[in-house]
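Please read the structure below before turning to the comments.
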Amino acid sequence: MTETKKLYYEDSFLQTFTATVLSCRQEKDRYAVVLDQTAFYPEGGGQEADTGTLGGVRVLDVREKDGEIRHLCDAPLEAGTAVAGAIDWGRRFDHMQQHSGEHIVSGILCARYGCDNVGFHMGHALVTIDFNADIPPEDLADIEAAANAYIWSDAAVRTDFLSGEALERAHYRSKKFIPGVVRLVSFPGADCCACCGTHVRSAGQVGLVKLLTCQKFREGVRIEMAAGGRALRYCNAVLEQNTRVSHLLSAKALDTAAAVERMQKELYALRGRVAALEEGAFARKAAELAGAGDVLLLEGDMGPESVRKLCAAVLDACGGRCAVFAGTEGAYKYAVGEHGGDLRQLAKALNAALNGRGGGKPDFVQGSVAAGEAEIRKFFADLAASAGME
């Protein structure tokens with residue numbers, strides 16, 4: 001097995017290169033191509049693989065095993081031929097910004113809290129970092145400010161390959177025994193860590209970092225963050241949302257939270273008034289149907305809780321079974337009750353006949369149907385006729 005020369009370690013900004021195809025073998029619907037050298041970074045260390053083109057075919061994924069880097073392509077390449085490679089630079093630079101931003105945040109945070117980074121994942125939209133300490137969410141602002149201040153200092157990033165005594169003398173985060181030559185990536189003044197990923201040349205190329213959430217995770221916390229272009233896109237998306245809310249509420253951009261709080265209070269008060277009016281209307285309807293026996297009501301659209309309350313109110317007065325359907329033609333919510341009854345078979349038949357779903361207790365069931373008023377009335381008419389023949 002021939003070890004592939006890793007051009008991405010010599011120059012992480014290398015976007016095109018030429019190489020010789022050493023082998024090509026089919027693996028299911030892809031072709032694993034091995035080169036004598038490559039600028040394609042393979043998946044590893046929480047960082048996703050590069051993609052791009054190689055000899056005119058698409059590189060869909062890149063994996064490394066025992067020093068051999070396999071480029072998983074959508075078409076074969078002939079062994080022994082020279083090929084030109086081009087990586088997807090937008091993807092690569094995004095990964096370098098995220099990975100470098102993670103180093104800076106983790107270095108500052110671990111130094112401040114005496115903890116370790118125990119997990120790192122670079123997703124398509126956000127980065128997650130796991131720490132084995134209970135970091136108060138309110139401290140994120142200080143960590144974020146320190147990380148961005150470091151980024152704006154534009155310190156140069158250094159990479160060293162150490163082994164033996166030189167490695168033992170080195171001070172780096174999460175130090176543990178690693179055999180052979182170890183690659184140390186240093187952001188002087190912020191972080192130094194053994195890492196196999198690709199990084200920017202200087203801290204300023206990260207642009208900025210934005211810490212988004214901090215949630216309890218296992219014995220510590222999980223922090224979501226975005227760096228560089230992702231952070232900018234996230235902030236722009238939030239700004240766009242807030243601008244829309246600002247226009248809808250006729251509030252200034254920095255006053256939208258207060259405007260929403262006022263609207264919530266008004267909404268809660270309005271809901272209370274509606275509930276009181278609704279209860280009064282339901283009580284009057286129940287009084288009208290006192291002693292009526294079995295009742296079927298078809299009402300205008302209302303929420304499931306209102307349907308339940310109306311059914312319960314009429315049920316207590318009518319002396320029989322009460323069925324309430326509320327909605328619009330073809331889409332109704334329902335509640336059916338019968339004191340001391342067993343409605344399980346009725347509910348099963350109702351759902352089957354009216355394309356519905358739902359259930360509940362033996363004496364009270366709720367759900368929804370995709371049927372029209374005529375179909376609902378026919379179902380209960382047939383039910384009454386069947387009961388009359390028994």
Side-chain angles (χ1 to χ4, degrees), residues 1-100 102-103 119-129 159-163 176 178-185 193-201 227-230:
M1 182 177 291
T2 303
E3 186 167 334
T4 307
K5 185 178 181 181
K6 300 172 181 178
L7 299 177
Y8 49 82
Y9 280 165
E10 297 178 4
D11 182 4
S12 61
F13 280 72
L14 183 64
Q15 301 178 41
T16 61
F17 68 100
T18 57
T20 300
V21 177
L22 299 180
S23 66
C24 178
R25 59 182 181 272
Q26 187 168 0
E27 293 185 358
K28 296 182 179 178
D29 59 342
R30 298 180 179 183
Y31 297 85
V33 176
V34 178
L35 307 173
D36 64 336
Q37 60 179 7
T38 185
F40 282 88
Y41 178 78
E43 180 182 0
Q47 181 174 326
E48 295 182 348
D50 286 328
T51 59
T53 61
L54 193 59
V57 304
R58 289 192 304 151
V59 178
L60 307 173
D61 197 3
V62 187
R63 301 296 176 95
E64 179 180 9
K65 184 177 181 181
D66 300 327
E68 180 184 79
I69 297 177
R70 298 179 301 131
H71 305 73
L72 301 179
C73 302
D74 65 352
L77 293 170
E78 186 178 350
T81 60
V83 292
I87 66 170
D88 180 339
W89 176 244
R91 177 183 172 90
R92 160 68 74 80
F93 189 65
D94 169 57
H95 289 174
M96 293 199 300
Q97 285 187 314
Q98 307 314 311
H99 207 150
S100 300
E102 178 273 325
H103 272 280
F120 165 58
H121 175 69
M122 189 186 303
H124 294 296
L126 301 174
V127 170
T128 60
I129 323 171
T159 301
D160 298 295
F161 291 86
L162 303 180
S163 62
K176 56 187 176 183
I178 303 175
V181 178
V182 175
R183 180 174 182 257
L184 293 184
V185 177
C193 185
C195 183
C196 63
T198 57
H199 309 85
V200 295
R201 288 174 179 156
R230 294 192 191 189

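Model, not experiment: these values are computed from the prediction.
Taking the side-chain contact (heavy atoms from CB on, under 4.5 Å) definition, one finds that Leu126 meets it with Leu212, Glu224, Ala226, sequence neighbours left out. Looking at residues two or more places apart in sequence or on another chain, you find a salt bridge (Lys or Arg N to Asp or Glu O under 4.0 Å) between Asp160 and Arg158. Partners of Thr159 under the side-chain contact (heavy atoms from CB on, under 4.5 Å) rule, at least two apart in sequence or in another chain, are Phe161, Arg183, Val185. With sequence neighbours excluded, no residue forms a side-chain hydrogen bond (donor to acceptor under 3.5 Å, both in side chains) with Glu10. When the side-chain hydrogen bond (donor to acceptor under 3.5 Å, both in side chains) test is applied to His99, the partners found at least two apart in sequence or on another chain are Gln47.
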Could you go through Arg201 and Asp11, starting from their C-alpha distance and side-chain angles, then the distance that decides it, and tell me whether this counts as salt bridge (Lys or Arg N to Asp or Glu O under 4.0 Å)? CA-CA 9 Å; Arg201 288 174 179 156; Asp11 182 4; 3.2 Å; yes
Between Met122 and Thr128, is the side-chain contact (heavy atoms from CB on, under 4.5 Å) condition met? List the steps. CA-CA 7 Å; Met122 189 186 303; Thr128 60; over 6 Å; no
Test side-chain contact (heavy atoms from CB on, under 4.5 Å) on Phe17 and Thr38; report intermediate values, then the result. CA-CA 7 Å; Phe17 68 100; Thr38 185; 3.7 Å; yes
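Applying the salt bridge (charged side-chain N to carboxylate O under 4.0 Å, His left out) definition to pairs two or more places apart or across chains, those involving residues 16-26 are Arg25-Glu27, Arg25-Glu68. Residue pairs that meet the salt bridge (charged side-chain N to carboxylate O under 4.0 Å, His left out) test with at least one member in residues 32-46, sequence neighbours left out, are Glu43-Arg63.
A 4.5 Å side-chain heavy-atom check between Leu162 and Val181 finds every atom pair outside the cut-off. Side-chain atoms of Pro42 and Tyr8, non-hydrogen and from C-beta on, do get closer than 4.5 Å to each other. A 4.5 Å side-chain heavy-atom check between Val127 and His121 finds every atom pair outside the cut-off.
Closest of all the heavy-atom pairs between Glu64 and Gly67 is OE2-CA, 3.6 Å.
Of the possible polar contacts, none joining the Glu102 side chain to the Ala227 backbone as a donor-acceptor pair under 3.5 Å is found. For His71 (side chain) and Val33 (main-chain N/O), a donor-acceptor pair under 3.5 Å exists by modelled atom type. Put simply, the side chain of Tyr9 gets close to the backbone of Cys196: a donor and an acceptor are under 3.5 Å apart.
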Under 3.5 Å, sequence neighbours excluded: what are the donor-acceptor pairs made by side chains of residues 72-94?
{"unit_1": "Asp74", "atom_1": "OD1", "unit_2": "Arg58", "atom_2": "N", "d": "3.1"}
{"unit_1": "Asp74", "atom_1": "OD2", "unit_2": "Arg58", "atom_2": "NE", "d": "3.0"}
{"unit_1": "Thr81", "atom_1": "OG1", "unit_2": "Glu78", "atom_2": "O", "d": "2.6"}
{"unit_1": "Asp88", "atom_1": "OD1", "unit_2": "Gly90", "atom_2": "N", "d": "3.2"}
{"unit_1": "Asp88", "atom_1": "OD1", "unit_2": "Arg91", "atom_2": "N", "d": "3.2"}
{"unit_1": "Arg91", "atom_1": "NE", "unit_2": "Ala49", "atom_2": "O", "d": "2.9"}
{"unit_1": "Arg91", "atom_1": "NH2", "unit_2": "Glu48", "atom_2": "OE1", "d": "3.4"}
{"unit_1": "Arg91", "atom_1": "NH2", "unit_2": "Ala49", "atom_2": "O", "d": "2.8"}
{"unit_1": "Arg92", "atom_1": "NE", "unit_2": "Asp50", "atom_2": "OD1", "d": "3.2"}
{"unit_1": "Arg92", "atom_1": "NE", "unit_2": "Asp50", "atom_2": "OD2", "d": "3.0"}
{"unit_1": "Arg92", "atom_1": "NH1", "unit_2": "Ser12", "atom_2": "O", "d": "2.6"}
{"unit_1": "Arg92", "atom_1": "NH2", "unit_2": "Ala39", "atom_2": "O", "d": "2.6"}
{"unit_1": "Arg92", "atom_1": "NH2", "unit_2": "Asp50", "atom_2": "OD2", "d": "2.6"}
{"unit_1": "Asp94", "atom_1": "OD1", "unit_2": "Gln98", "atom_2": "NE2", "d": "3.0"}
{"unit_1": "Asp94", "atom_1": "OD1", "unit_2": "Arg230", "atom_2": "NE", "d": "2.9"}
{"unit_1": "Asp94", "atom_1": "OD2", "unit_2": "Arg230", "atom_2": "NE", "d": "3.0"}
{"unit_1": "Asp94", "atom_1": "OD2", "unit_2": "Arg230", "atom_2": "NH2", "d": "2.7"}

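With no hydrogens or angles considered, no side-chain donor-acceptor pair links His95 and Thr198 at under 3.5 Å.
In this structure, Leu22 CG and Ile69 CD1 are separated by 11.5 Å, a value rounded to the nearest 0.5 Å.
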